[in-house]
Student: 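Provided herewith is a single structure, encoded as structure tokens, for subsequent inquiry.
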Amino acid sequence: MIRIILVAALLTITAPANAVYFTYSQWEALPAAQIRAAYMADFYDALISIASDDQDAKAGTRYHSCISKSKMTNVQLADNVRAFASTRPRLQTAAVGEP
């Protein structure tokens, strides 16, 4: 359990600083749902917190509202992204969370 938390913390610390994006296959192969969830939570936080213009700010507000109303956990969000992308080969060649 401690190893999972450590890896999740390292992903959270290094991803934004170095703009590291996993490919879908790398992300899907991560060893635990909690680590995939930590990666998605980091991306989600950036998505709703950082806006370069009004359109980005409105999109962030809309995403935050949607996720908040659904009371979706980070693990559920990651599972939903995984299920959505699993049926769309075009998405599987892109990086998860790449802007």
Student: How would you list, by chain and number, every residue that makes a side chain to side chain donor-acceptor pair (under 3.5 Å) with Gln76, sequence neighbours excluded?
Tutor: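 For Gln76, the residues satisfying side chain to side chain donor-acceptor pair (under 3.5 Å) (neighbours in sequence not counted) are Thr73.
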Student: Would Tyr39 and Phe22 count as a ring-ring contact (aromatic ring centres under 6.0 Å, His included) here? Give the steps.
Tutor: CA-CA 9 Å; Tyr39 182 85; Phe22 289 126; 5.0 Å; yes
Student: Please check if any side-chain donor atom of Asp45 sits under 3.5 Å from a side-chain acceptor atom of Ser49, or the reverse.
Tutor: no
Student: Rest of the hydrophobic cluster containing Phe84 (Ile/Leu/Val/Met/Phe/Trp/Tyr, side-chain heavy atoms under 4.5 Å)?
Tutor: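 Reading the cluster by chain and number, Phe84 sits alongside Leu91.
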Student: Is a donor on one side and an acceptor on the other found under 3.5 Å between the side chain of Tyr24 and the backbone of Arg90?
Tutor: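 Pair absent, no side-chain N/O of Tyr24 close to backbone of Arg90.
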Student: Hydrophobic clustering (ILVMFWY, side-chain heavy atoms < 4.5 Å, transitive) - are Val75 and Val81 grouped together?
Tutor: no
Student: Test of understanding: clusters of I, L, V, M, F, W, Y form through side-chain heavy atoms closer than 4.5 Å, transitively. Do Met72 and Phe43 belong to the same one?
Tutor: yes
Student: Is there a donor-acceptor contact under 3.5 Å from the side chain of Ser86 to the main chain of Ala83?
Tutor: yes
Student: Looking at CG of Asn74 and CD of Gln34, how far apart are the two atoms once the value is rounded to the nearest 0.5 Å?
Tutor: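 Separation between the atoms: 11.0 Å.
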Student: So, taking the atom named CD1 in Ile48 and the one named OG1 in Thr61, what distance separates them when rounded to the nearest 0.5 Å?
Tutor: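 One gets 8.5 Å once the value is rounded to the nearest 0.5 Å.
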Student: Pairing donors with acceptors under 3.5 angstrom, does anything connect the side chains of Glu28 and Ser25?
Tutor: no
Student: Look at atom CZ of Arg88 and say whether more than 12 heavy atoms of other residues, nucleotides or ligands are closer to it than 6.0 Å.
Tutor: yes
Student: So, for Met40 and Trp27, which heavy atoms are closest and what is the spacing to 0.1 Å?
Tutor: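 Heavy atoms only, the tightest pair is CG-CZ2, 3.6 Å.
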Student: Do side-chain atoms of Ser70 reach the backbone of Ile67 as a donor and acceptor pair under 3.5 angstrom?
Tutor: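 Yes, Ser70 side chain to Ile67 backbone: donor-acceptor pair under 3.5 Å.
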Student: First locate atom CZ of Arg82, then atom CD of Gln92, and finally report the distance between them rounded to the nearest 0.5 Å.
Tutor: 11.0 Å
